[in-house]
Amino acid sequence: MKTGMRARVQARGLGWTPLGATSPVLCGIDLEVGPGERVLLAGPSGSGKSTLLRALAGVLEGVEAGDPTGRVTRPEGERVGLLLQDPRDARVADRVGRDVAYGPENAGLPRPEIRERIAWALDAVAFPYGPERLTSALSGGEAQRLALAGVLAARPGLLLLDEPTSMLDDASARRVRDAVLAAVAGTDIALVVVEHRLAPWVGVLDRLVVLGGRGSASPGGLLADGPLEAVLAERGPELLDTGVWVPGAPPPTPIAVPARLVAPRTPPAGDVVVASGAGLVRAPRRRLLGRTRTAPVVALEGVDAVVRAGGLLAVRGPSGAGKSSLVDLLVGLDAPTSGSVGATPALAAGLRPDLARWSSRELAARVGWVPQAAEATIVGSTVRDCLLAGARALRRPEAEAGARAEGLAEILGLTHALDRNPHRLSGGETRRLAVASALVHGPGLLGLDEPTVGQDRHTWAAVAGLAGAAADAGLGVVVSTHDGDLAAHAHDVLTLREGRVA
Amino acid sequence: MTGLLRRTGPLSPLLAGFVLMAGGLTVRDVAGGLAGLAALALAAPFALAGSRVSWLRLLAGVLALASVTWSNWLLASPRELEPALVAGLRVAFFVVPGIVLAAFVDPSELGDHLGQRLRLPARPVLAGVAALQQLDDLGQEWASMARARRVRGLGPDRSPVSQVRFAADLTFSLLVQALRRAERMTVAMEARGYADLARPGPDRARRTWLHPAPWTGADTTLVVLAAAVALVPVLLPLVVPPGS
């Protein structure tokens, strides 16, 4: 930090041990961010980046249970803006205008000034709609820009962003990043951005701080802190090892997974599931309260797709193109509203072809699925229970399923967590657990929805390795993704645009 | 004509609901109950014109009044139809309009009015609005969790026992999930000045509100209308003496 200027935030000896954990997540952190500084904060999955950000914002205690040490100081009356990873968590009102107004209202500003702030903040993030737009009708990128507008409207002196673009496709991510840069340009706002993928921020942020994580040379402490380009040049290989996406480095190599851990119980052959002219219209959402109503949405129209045994099909396209909807249809979660989606006899094995009407057990025996929000498929009170839940529901021999579960856990680095509560895992661990849980009972079809979004390199390699090994072992695999590195491993690619095959 | 409920704020429908509830308690005989329902039916177009009412929601009210009537008949000794009908009419008198009125209360507007018109402290009001909004999202969360379980083989089969067990299990998970989301939402709210509202002493921020919360003529009219309807069962015996 430049001397002579007062720090916007200062941490001294900062530490944090979550309730029930044996070792601290953060330990002895000294960090100062001055006015106008632009800091990129990186580190492996589970290294405490979000925790540090919350501590700097002064909202850690009282929200999470744990044991703090050291202290964080900010100038009296300094406003802090904190943007969270998932914009759904930041939604405080049903309409855009109300949502942005939340901060200024709490600050007690007069009404005309609140309106000015709303207009200014929506303009600063290049928001495409007016203040009357419903917040429930926004895409991921729009919702994240709205959340940013809400944070900016309070005119913070310290702006903390927690993976603001990790859930977005490239185009939306670029728009959010540009909105951030435009909003702080020419101001003395101190900016701290947490991200896994560093490339988009090189050349626009000027300092890189790296957290080591528990397994590093300085557990819980800072691994590096200095000018961004210099740190990348000097410490690149070390950062790669921790799982950080260092710009210019080749994509990670998918991990090797033995076929016996992912092989289907009854290997299908040829086509597994076929969509012909499939369309999907989603009914409007029913609301409990209030007068607002939304219209039905056409998610897909006239889509032809085939998932082959032994093949990896990548479904690509921009946000809102219907990628997730297509995966939902192909794995039998939803029935098409027009056209047809049918399992071939190779997969159906005696059942009717319309897999959306199969019973829960009939479907589970044949299909594995991991949604974008991977935590949705997490069940049970231990990681082991979660891995075995499907096999137990299907009354499969416990010994056989147990061996597969333990084998997968070992490859994915989850062995140490087998007896832990699955809801206490980090984001990357949760994703790996969800993918493994979908494969333990040996289905013939696997559907993955944006499996690499917001993941560090280690988790990326694990997910890509599992998807590839599953296809090699004879499963039909379908992956929706906007990740070009992952799609490069696919055998077939299908691109959607506005619900149709492009 | 635009119905009153399209022009009122959120407080008058709530107040009207309470007035009708008080009226319902005064229903003493079948004639009074029927007269009250007739008055409701006459008043309904003024309140509802131009709005759509979800009949599915009303089904719950109809079920409630049917079960009240039936159990009052079944469990009474000797079994008599009239007291059971009166009990049912009482419920019908306030439950059915209550369901309709509640659908017109918008959580955000309710916050505006509770904070400005009733001058309730901002923090509990904002927490309440956030909770109502979460409640609105629960249905969607339920659906997405049920889907995830179905694919994992944990969905229910046709037997009622399995359906009940599935629903109980899912309810528990939904509550856990809601708590986690509430935790994250609290962080977002705290980071946007919600915490400033709690600061003790004179420098505590006094919250302002983007939207005004006016009490309009439509609000008064709705409450007066509800009061008039609620008085029908009370006044009927004075106009038409019972037994005449």
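Every chain is numbered from 1, with letters handed out A, B, ... down the list of sequences.
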At a heavy-atom separation under 4.5 Å, does A:Leu83 approach chain B through its side chain, its backbone, both, or neither?
neither
Ranking B:Ala130, B:Ala148, B:Ser144 by heavy-atom pairs under 4.5 Å to chain A gives rank one to B:Ala148
Using modelled atom types only, decide if a donor and an acceptor are shared between the side chain of A:Arg74 and the backbone of A:Leu56 within a distance under 3.5 Å.
yes
With a 4.5 angstrom heavy-atom cut-off, could you sort out which part of A:Ala57 is near chain B: side chain, backbone, both or neither?
neither
Is the closest side-chain heavy-atom distance between B:Asp157 and B:Gln163 below 4.5 Å?
no
Heavy-atom contact with chain B under 4.5 Å, split by part of A:His441
neither
So does A:Leu445 get a backbone contact from the side chain of A:Arg366, meaning a donor-acceptor N/O pair under 3.5 Å?
no
Heavy-atom side-chain proximity of B:Phe166 to B:Leu154 below 4.5 angstrom
no
Assess the residue pair B:Thr220 and B:Val224 against the criterion (side chain to side chain contact (heavy atoms under 4.5 Å, CB included)); give the C-alpha distance rounded to whole Å, side-chain angles, the decisive distance to 0.1 Å, and a yes or no.
CA-CA 6 Å; B:Thr220 310; B:Val224 169; 4.3 Å; yes
Which region of A:Leu355, side chain (C-beta onward) or backbone (N, CA, C, O), has a non-hydrogen atom less than 4.5 Å from a non-hydrogen atom of chain B, or is it both or neither?
backbone
Please look at A:Val80 and chain B and tell me whether the side chain, the backbone, both or neither of the residue comes under 4.5 angstrom of a heavy atom of that chain.
backbone
What residue, out of A:Val367, A:Ile378, A:Asp334, A:Leu394, has the most heavy-atom pairs lying under 4.5 Å from chain B?
A:Asp334
Cationic tip of B:Arg207 within the cone over A:Tyr102's six-membered ring, i.e. under 6.0 Å and within 45° of the normal?
yes
Is the backbone of A:Gly103 close enough, under 3.5 Å, to the side chain of A:Asn106 for a donor and an acceptor to pair up by distance?
no
Tell me, for A:Pro443 versus chain B, whether the close heavy atoms (under 4.5 Å) come from the side chain, the backbone, both or neither.
neither
What parts of residues 169-182 of chain B touch chain A if we use heavy atoms and a cut-off under 4.5 Å?
B:Arg180, B:Arg181
Under 3.5 Å: donor-acceptor pair, side chain of B:Gln116, backbone of B:His211:
yes
Distance-only, no hydrogens or angles: does the B:Ser12 side chain make a donor-acceptor pair with backbone N or O of B:Thr8 under 3.5 Å?
no
Tell me, out of A:Ile118, A:Leu333, A:Asp328, A:Val331, who's got the most heavy-atom pairs with chain B below 4.5 Å.
A:Leu333
Sub-3.5 Å donor-acceptor pair from the side chain of B:Thr208 to the main-chain atoms of A:Leu109, do we have one?
yes
A:Ala154 versus chain B, the contacting section by heavy-atom distance below 4.5 Å:
neither
For A:Leu84, which atoms come within 4.5 Å of any heavy atom of chain B: side chain, backbone, both, or neither?
side chain
Going by atom types alone, do A:Thr135 and A:Asp99 pair a side-chain donor with an acceptor below 3.5 Å?
no
Within the side chain of A:Arg95, is there an N or O that forms a donor-acceptor pair under 3.5 Å with the backbone of A:Glu132?
yes
Walk me through it: do A:Arg117 and A:Val100 pass the test side chain to side chain contact (heavy atoms under 4.5 Å, CB included)?
CA-CA 8 Å; A:Arg117 291 267 184 109; A:Val100 179; over 6 Å; no
Between A:Ala101, A:Ala153, A:Ala438, A:Gly150, which residue shows the highest count of heavy-atom pairs closer than 4.5 Å to chain B?
A:Gly150
Would you mind telling me which of A:Ser360, A:Gly447, A:Ser437 has the largest number of heavy-atom pairs within less than 4.5 Å of chain B?
A:Ser360
For A:Ser359, enumerate each residue passing the side chain to side chain contact (heavy atoms under 4.5 Å, CB included) test, keeping only those at least two apart in sequence or located in another chain.
A:Arg361, A:Glu362
Using only atom types and a distance under 3.5 Å, with no angle test, would you say the side chain of A:Arg282 pairs donor to acceptor with the backbone of A:Val297?
no
Under 4.5 Å, counting heavy-atom pairs only, tell me which of A:Pro371, A:Pro104, A:Cys386, A:Gly58 racks up the most with chain B.
A:Cys386
Ranking A:Ala93, A:Gly332, A:Ala90, A:Ala393 by heavy-atom pairs under 4.5 Å to chain B gives rank one to A:Ala93
With a 4.5 angstrom heavy-atom cut-off, could you sort out which part of B:Leu126 is near chain A: side chain, backbone, both or neither?
side chain
I'd like to verify something: which residue of B:Met145, B:Arg192, B:Gln134 has the highest number of heavy-atom pairs under 4.5 Å with chain A?
B:Arg192
Which one, B:Val151, B:Leu210, B:Val129, leads in non-hydrogen pairs under 4.5 Å with chain A?
B:Leu210
